[in-house]
Q: 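I'd like to ask some things about the structure below.
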Amino acid sequence: MVGLSADSVAVTFPLYHGESRSLKKSVLATAASRFGEPGRRRLSVEALRDISLSLHTGDRLGLVGANGAGKTTLLRLMAGIYEPAAGRVTTTGKVTALLDPGQGLNMDLTGRENIRLRALFNGCREAQIRQLQEDVAAFTNLGPFLDLPVRSYSAGMIVRLGFAIATAVKPQILLMDEWLLAGDAAFLGQAQQRLETVVRTADILVLSSHDTDIIRRWCNRVIWMDAGKIRADGPPDETLTAYLTAV
Amino acid sequence: MNMIAPHHEDIAAAVPTPTPAVLNVSGAQRWGDAAALAAADLGSSLRLWRLIWTLSLFDIKLRYRGSVLGPFWLTLSTTIMIAAIGFLYARLFNQRIDHYLPFLTVSLILWNFISTVTADGSTCLVQAEGMIRAVRMPHSLHAARVVMRNILVFAHNLIVIAGVLVIFRIWPAASAVTIIPAALLWCMDGFALSLLLGMLGARFRDTPPIVASLMQIAFYLTPVIWNPAMLMHRGIATVLVQLNPFYSMLEIMRGPLLGAQMEPVAWLVACGYSAGLILLAGVVFARARSRIPYWV
């Protein structure tokens with residue numbers, strides 16, 4: 001049973017000013033504070049507060065909200081990249097996160113080598129790696145570029161490669177940030193079908209976007225994030241109407 | 001097309017649905033939970049050994065991509081350095097060249113391993129920032145990559161060691177079998193050190209230069225280019241050398257390679273320091289692991 005649940009989760013980012021990033025200064029400050037000088041308080045930002053939600057097979061969740069409302073942080077939390085400062089996150093199933101176009105690509109390695117690394121991370125064997133390389137080559141149309149360092153690619157080519165690699169493995173829980181939908185028209189047309197297949201076959205989809213039309217088309221539940229909190233959670237029409245009237 | 005309802009039939013044939021992995025993370029972790037998650041992190045690194053191997057291989061390939069000799073530049077540059085230093089210092093320390101050069105060769109190559117592991121280790125998490133923030137992966141993998149990469153570098157330098165030992169007709173003694181446990185200890189220590197320095201380097205950005213200058217001091221204090229036999233009659237100095245963790249680690253590898261007898265004292269000191277280091281790295285990792293993505 002695939003599922004994802006968060007129980008009153010908080011995510012806090014530490015803010016390090018110049019001195020607290022320095023080992024030398026921190027050690028000296030600790031030594032100095034013994035002589036009565038109070039140590040500087042640590043600053044932090046509460047990126048997410050009191051987030052509780054539960055997702056099950058068939059859920060297609062859209063995240064809306066202003067920039068800085070915590071949409072991407074929430075996706076990273078669901079992906080298991082950030083662990084909560086308070087609360088509990090339980091994930092059952094394989095998570096694929098399409099968060100940014102670079103996707104941890106190594107710019108100095110060739111496209112083919114990057115595909116190999118991603119495949120190894122997913123536990124693929126040699127035959128599967130070759131198959132994946134063929135698959136990505138066919139989809140991206142990068143041709144000879146696949147044997148050149150990713151550094152030499154155009155931004156669009158990087159998006160294509162990142163997208164093709166990430167979607168080659170069928171996810172159970174798919175987390176997407178809106179960059180995917182920001183490609184050029186030709187790529188979008190080509191990506192559309194593959195994306196739809198991936199989205200369709202995923203048990204759970206979480207999509208963050210500013211584009212309410214896309215949310216309306218793909219999602220059956222919408223969460224409106226505001227200043228790190230869930231402002232509203234419900235069916236798309238209801239939540240989106242409330243969201244659109246507020247902004 | 002109805003995009004809302006999930007269709008299963010089209011993937012069912014291609015990929016057998018794996019038993020879903022359950023991941024459970026919480027804030028305000030108790031010790032047991034933190035230790036279990038840290039252990040799980042180490043376990044997944046171990047399962048990803050193919051990835052670690054390939055990453056290390058690519059690291060070496062990248063560094064020498066486009067050069068004629070490729071990674072054998074390493075071998076060549078080590079040879080040149082040892083030849084240049086060896087003859088000068090043999091005169092300086094008034095040592096016989098057939099004793100001093102093999103000693104220097106083994107010492108310098110082993111020290112090179114230690115110093116690059118500490119230098120690479122203190123940046124290993126910061127440099128993997130892109131990977132860490134793109135996908136959930138074990139953090140200890142990055143420390144293991146440092147060790148694996150430096151083992152590959154060491155393997156290229158083994159040619160120099162073998163060459164020098166053959167030229168000066170030094171044959172391995174019975175103690176050579178202790179090289180195997182010594183190498184194992186080196187790997188575990190290198191991993192623990194990389195992980196520890198990696199976390200320190202992620203939290204405190206001035207770690208790499210501090211580590212570099214400490215290692216510089218350690219290089220002169222440790223019998224690397226000078227032989228501890230030169231201190232033979234100086235009493236207290238010998239004790240200081242024997243308590244030096246770098247000396248004992250060097251000695252358990254260097255001794256058997258140069259055909260010397262096994263040294264129980266060096267082994268004892270080396271195991272003691274290693275246990276301390278591994279324990280410290282384990283405790284810090286259990287405590288700090290969940291903070292790493294926020295630091296890098």
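Protein chains get the first letters and strands the later ones, always in sequence-line order, with residue 1 at the start of each.
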Q: How are the rings of Phe113(B) and Trp186(B) set relative to one another: parallel (under 30°), tilted (30 to 60°) or perpendicular (over 60°)?
A: tilted
Q: With the threshold set at 4.0 Å, does a side-chain nitrogen-carboxylate oxygen contact exist between Asp177(A) and Lys71(A)?
A: no
Q: For chain B, which of Leu109(A), Asp7(A), Asp108(A), Thr91(A) has the most heavy-atom pairs under 4.5 Å?
A: Thr91(A)
Q: Among Ala128(B), Ser44(B), Pro293(B), single out the residue with the greatest number of heavy-atom pairs under 4.5 Å to chain A.
A: Pro293(B)
Q: Under 6.0 Å between ring centres, would you say that holds for Phe139(A) and Phe163(A)?
A: yes
Q: Taking the ring centre of each residue, are Phe219(B) and Phe246(B) less than 6.0 Å apart?
A: no
Q: For residues Leu175(A) and Val95(A), determine if any side-chain heavy atom of one lies less than 4.5 Å from a side-chain heavy atom of the other.
A: yes
Q: Could you look at Leu55(B) and say if it's the side chain, the backbone, both or neither that has a heavy atom under 4.5 Å from chain A?
A: both
Q: Taking every heavy-atom pair that is under 4.5 Å apart, which of Ile204(A), Val11(A), Thr90(A) has the most such pairs with chain B?
A: Thr90(A)
Q: Can you tell me which of Arg21(A), Arg88(A), Lys24(A), Arg116(A) forms the most heavy-atom pairs within a distance under 4.5 Å of chain B?
A: Arg21(A)
Q: Which residue pairs pass the side chain to side chain donor-acceptor pair (under 3.5 Å) test with at least one member in residues 52-61 of chain B, sequence neighbours excluded?
A: Glu113(A)-Lys61(B), Asp59(B)-Arg145(B), Asp59(B)-Arg149(B)
Q: Which atoms of Arg76(A) come close to chain B, meaning under 4.5 Å heavy atom to heavy atom: side chain ones, backbone ones, both, or neither?
A: side chain
Q: Go through Leu48(B), Asn24(B), Ile292(B) and name the one with the most non-hydrogen pairs under 4.5 angstrom from chain A.
A: Asn24(B)
Q: Can you tell which part of Arg221(A) gets under 4.5 Å to a heavy atom of chain B, answering side chain, backbone, both or neither?
A: neither
Q: Salt bridge (Lys or Arg N to Asp or Glu O under 4.0 Å) between Arg130(A) and Glu126(A): does it pass, once the steps are laid out?
A: CA-CA 6 Å; Arg130(A) 289 196 192 288; Glu126(A) 196 54 40; 3.2 Å; yes
Q: Give, as side chain, backbone, both or neither, the part of Ser26(A) having an atom under 4.5 angstrom from any heavy atom of chain B.
A: side chain
